[in-house]
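Values reported hereafter were calculated over all heavy atoms of this structure, with side chains retained and with hydrogens, waters and symmetry mates removed. Numbered from 1 within each chain, the chains take letters A, B, ... in sequence-line order.
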Number of protein chains: 2
Amino acid sequence: MTQNTTDFYQVKEKMYVATDCIIFGLHEGKLKLLVFKRKVEPLSGEWSLIGSFVRLDEDLEVAGQRVLHEATGLENVFMQQLKSYGKKDRDPGYRCISVAQYALIRIDDYNEQVVEEHGAKWFEIDDLPALILDHDLMVQDALRQLRQNARYQPIGFELLPEKFTIPQLQLLYEAIYQKELDPRNFRKKVFSFNVLEKLDEKDKSTSKRGAFLYKFNYENYQKLLKSGYNFEIA
Amino acid sequence: MTQNTTDFYQVKEKMYVATDCIIFGLHEGKLKLLVFKRKVEPLSGEWSLIGSFVRLDEDLEVAGQRVLHEATGLENVFMQQLKSYGKKDRDPGYRCISVAQYALIRIDDYNEQVVEEHGAKWFEIDDLPALILDHDLMVQDALRQLRQNARYQPIGFELLPEKFTIPQLQLLYEAIYQKELDPRNFRKKVFSFNVLEKLDEKDKSTSKRGAFLYKFNYENYQKLLKSGYNFEIA
DNA sequence: GTAATAAATGTAAAATATACATTTAATATG
DNA sequence: CATATTAAATGTATATTTTACATTTATTAC
């Protein structure tokens, strides 16, 4: 499958810095990861995270946003640095340190065409293909950190549309933690944080009765954070 | 104070990767940070974290251990990656990404002489001098992460000698969280984790009665982690 | 108007966290 | 050797949080 790639290996006499993006999305209550079919040698045709070398005149975060933009067309996406991967043999071609950054996007917002154009595909989190190099490790680390961060930040809101219902929010957390939650207890908990604003609209796409839409109140969230509170949900 | 360093600035045509170490230690119940008086231009004479460029044939973690060893003489120290700092202008001399790693060491183990030789000094955490570049930021980030991690890992044990007393352990957590803890509740909590082994020895350095020494049981800790438990203390 | 469906809600029991004061072991001192 | 001194060690009652669990409600489709 993978052709002989020996030609592409080169002497490691220079240090490179790359950034790789772990792109999470939510679709129909499932947490997904965006992976790309690699188009260049070596390892052409293999599944991979999307990444790029960091430019000399470019901040690290800017590089992450650029990669994300080039790959998806999206801008100003929620993105957070995970950690850097620096085993000396992690990349057979270069001596390369990769700074992994993870992004959360709303799949509904997403221009599906751009995905196709880039040979990209959304995979469900528990059904991922093998990825090149140490990208599998990056994904596992990112998942762990996503779960961890979701305990203390309303990070999940990045994955939902601006207006969302409580059942949607619950599905999101169930997807992140891979565990069913009790709807009564879940509501109690999220309301207790005082960061949801109930709207006068309903979403009737999933039931006859319809579920009220809410939006997130960032001001109250900021207050909550300053008061040292833990946004622990699952 | 700082002399004119213009001579040292150079064209940024190459990417460098460095690692900087945030070295925490515990001494007399106080959490301290090891900082170094910089000996080379630019910014000679200023306080700084200790760091080094990462070598081409060196894993990132190995680079961290090397820096730590060169600076303190210690080996196999607990060390954890914090994050990478990559603003394009963060270092006026080079285009340099720095991977920050933080270490926890037992100041008693420590060869005080080596510290002096390197122009290093232990500062109390709430009385730090200004550091060069973005090192202040690194320290603040590291402190936040130390506090965060201490909630879920018995990270604090790295800062204590192999044998320690409960009051010592409590002082450590009080230093990390900068807050007084109730001795009865603290004991209940740490014992509930089942990771302490009581020894038949006492430490009588702080009281006539003496306090029993304990050691940490890594096996039980591993079990605890696998069962998904939270090692939350403060 | 009846059936169907997901949304919305409350309460009691269990577990956990908090607040708080006394006794104990060992040494030092007169 | 009796007493004073000191930090170590311990238990309990209360408040808070978490968990478990079943019914009613609003709306649409037939």
Specify the separation, in whole Å, of atom [atom1] of [X] and atom [atom2] of [N].
X	N	atom1	atom2	result
B:Leu171	D:dA7	CG	P	12 Å
A:Phe191	C:dG10	CZ	C1'	14 Å
B:Lys179	C:dT18	NZ	P	7 Å
B:Asn185	D:dA15	CG	C1'	13 Å
A:Leu169	C:dA7	CG	C1'	15 Å
A:Asp182	C:dA8	CG	C1'	12 Å
B:Phe212	C:dA26	CZ	C1'	11 Å
A:Arg184	D:dA22	CZ	P	8 Å

Identify each donor-acceptor pair in which a side-chain atom of residues 138-145 of chain B lies under 3.5 Å from a protein atom, sequence neighbours left out, and give them as a table.
residue  : atom : partner  : partner atom : Å
B:Asp141 : OD1  : B:Arg144 : NH1          : 3.3
B:Asp141 : OD2  : B:Tyr85  : OH           : 2.5

Below 30° counts as parallel, above 60° as perpendicular, anything between as tilted: where do the rings of B:Tyr214 and B:Phe191 land?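 Tilted: the ring planes of B:Tyr214 and B:Phe191 meet at 30° to 60°.
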
Could you check whether the rings of B:Trp47 and B:Phe123 sit parallel, tilted or perpendicular, using 30° and 60° as the cut-offs?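 Perpendicular: the ring planes of B:Trp47 and B:Phe123 meet at over 60°.
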
Return the residues of residues 201-210 of chain B meeting this criterion: a heavy atom under 4.0 Å from some atom of DNA chain D. Order them by number, or give none.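 The answer is B:Thr206, B:Ser207, B:Lys208, B:Arg209, B:Gly210.
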
With a 3.5 Å cut-off and just heavy-atom distances, do the side chain of B:Lys189 and the base of C:dT16 make a donor-acceptor pair?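 Answer is no: no donor-acceptor pair is held.
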
Quick one: CD on B:Glu75 to CD on B:Gln65, what's the gap to the nearest 0.5 Å?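 Here the interatomic distance stands at 8.5 Å.
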
Under 4.0 Å between a side-chain N/O of B:Arg187 and OP1 or OP2 of D:dA9, yes or no?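 B:Arg187 to D:dA9 OP1/OP2: side-chain N or O found under 4.0 Å.
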
What residues form a side-chain contact (heavy atoms from CB on, under 4.5 Å) with B:Glu197, not counting sequence neighbours?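 For B:Glu197 the side-chain contact (heavy atoms from CB on, under 4.5 Å) partners, ignoring immediate neighbours, are B:Lys215, B:Asn217.
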
If you count heavy atoms of other groups shown closer than 6.0 angstrom to CG of A:Asp126, is the number above 12?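 Check passes, neighbour count above 12.
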
